[in-house]
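For reference, the structure is listed below as structure tokens.
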Amino acid sequence: MKQIADLHIHSRYSMATSKDGTPEMLDLWARKKGITLLGTGDMTHPIWRQELKTKLIPAEQGLFRLKDEYVLPEAARYPGKAPRFVLSGEISSIYKKGGKTRKVHSLILLPGFDEADAFAARLEKIGNIHSDGRPILGLPCHDLLEMMLEVSEEGIYIPAHIWTPHFSLFGAKSGFDTIEDCFEELTPYIHALETGLSSDPSMNWQISALDGYQLVSHSDAHSPSKLGREADLLDIELSYQGLWDAVQNGKGLEGTIEFFPEEGKYHFDGHRKCGVCLSPKEAEMYNGICPVCGKKLTMGVDHRILQLSDRDKSSAAMPESGRPYESLMPLPEVISACVGFSTASKKVQGQYEALLERLGAEFTILREVPPEDIRKAGGEVLAEGIRRLRAGEVVRKPGSDGEYGKIELF
């Protein structure tokens, strides 16, 4: 069965998130987007976990759906099966290793509430899991992985957004140069890596050490409307075991939906305060120093991958374990580019809702609906915009140092 999965998200209990991060709104927006399998996010947070227990009901093995009494009336406008939830959460590890302070984020999935309860109880002995849905703990990644395996051998541990400069496995500021440096003898239990918004699979194919790992992509959404910025394309039996086989072994992992990596906040090197954004080659000309203020640039994902690569960017072919991918923009951004109003404007939001009503879920419109049908429903300019998006005919203006880049269709 074909599934679109977004496994890394956050609830309203994480820092800097929308108050709309409720099970009801997540269910609604998953339907709007066409996401059929969604991580709950923040499963270690006691209040959120209790809310999930109250509002979700078991569906297939290891998966849940929203109870009928909590489904919003608006959701009935979007046909199709109710999205399934899988228990997931992100942990921020900050610790010393090899003479450096390491800051790494990890995505963890578990097959049920008993395992989530046991895992949270173990974490609570180490640090505060109440103040943030993504708890910050002085727990090395090796020990976190070991703890997860002790709680459940069926758990899934995915290093999150592996190239982000400040908080990731390979981050230029506080990460490692190899997976083995981080996880030591437990490295064989790592099977998948989350590429993050500022990189795509082809960038990761430049590094032969990553061959054999499943490359997955998720939104890391802090509000329901941001779901599906990136997602996994699966053809699996709808169950936790089916998901496990896809993420851990690649069985049924057909590919990913990606941000254009240039749109990510950390694609190029830069210094936001000075308005400086540089390619790796340009940054090296300045020895990694901001030409305006003389302070160190934040090294971007493109440059960091180049540092660790052993294959030329132009010739890095998809490895045997690799999967194809599609680069997309959210539909409101496409509409915005076509009508000249912001994504938050009533005009764009009104057209977005009208298109969903006439043509189906957002991913269906972006990926499958014939151009003629888009033309009839949304006009000539929108049809041309989506044609260009599907063909990759876009102008890319890279982001850097925490500032999103821009993808232009016209």
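The shown structure was predicted, so the numbers you read here are calculated from the model rather than taken from an experiment. Positions are given from 1 along the sequence. The figures here come from the full heavy-atom set of this structure, side chains too, leaving out hydrogens, waters and symmetry mates.
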Examine distances only and state if a side-chain atom of Lys97 and a backbone atom of Asp181 form a donor-acceptor pair shorter than 3.5 Å.
yes
So, Tyr352 and Glu362: side-chain donor and acceptor under 3.5 Å apart, yes or no?
yes
Hits for side-chain contact (heavy atoms from CB on, under 4.5 Å) against Gln248, two or more places apart or cross-chain, chain-then-number order -> Ile156, His191, Trp244
Can you list the residues that meet the side-chain contact (heavy atoms from CB on, under 4.5 Å) rule with Tyr189, with sequence neighbours excluded?
Leu145, Leu149, Leu186
Give a yes-or-no answer on whether the side chains of Tyr70 and Thr54 include a donor-acceptor pair shorter than 3.5 Å.
no
Distance only, no hydrogens: is a donor on one side chain within 3.5 Å (strictly under) of an acceptor on the other, for Gln241 and Ser239?
no
Just wondering, more than 12 heavy atoms not from Phe410 lying within 6.0 Å of its CZ?
yes
Could you pull out every donor-acceptor pair under 3.5 Å between side chains of residues 73-80 and any protein atom, sequence neighbours left out?
| from | atom 1 | to | atom 2 | distance (Å) |
| --- | --- | --- | --- | --- |
| Arg77 | NH2 | Glu357 | OE1 | 3.2 |
| Tyr78 | OH | Glu353 | OE1 | 2.8 |

Lys NZ or Arg CZ of Arg49 over Phe113 ring: under 6.0 Å, within 45°:
no
Which heavy atom of His166 sits nearest a heavy atom of Thr298, and at what distance?
NE2-CG2, 4.1 Å
If you measure only the distance, is there a donor-acceptor pair under 3.5 Å linking the side chains of Glu258 and Ser217?
yes
Sequence neighbours excluded and cut-off under 3.5 Å, please list the side-chain donor-acceptor pairs for residues 274-283, or say none.
| from | atom 1 | to | atom 2 | distance (Å) |
| --- | --- | --- | --- | --- |
| Ser279 | OG | Glu282 | N | 3.2 |
| Ser279 | OG | Glu282 | OE1 | 3.3 |
| Glu282 | OE1 | Ser279 | N | 2.8 |

Sequence neighbours excluded, which residues qualify as ring-ring contact (aromatic ring centres under 6.0 Å, His included) partners of His105?
His161, Phe167
Asp302: which residues meet the salt bridge (charged side-chain N to carboxylate O under 4.0 Å, His left out) condition with it, sequence neighbours left out?
Lys313
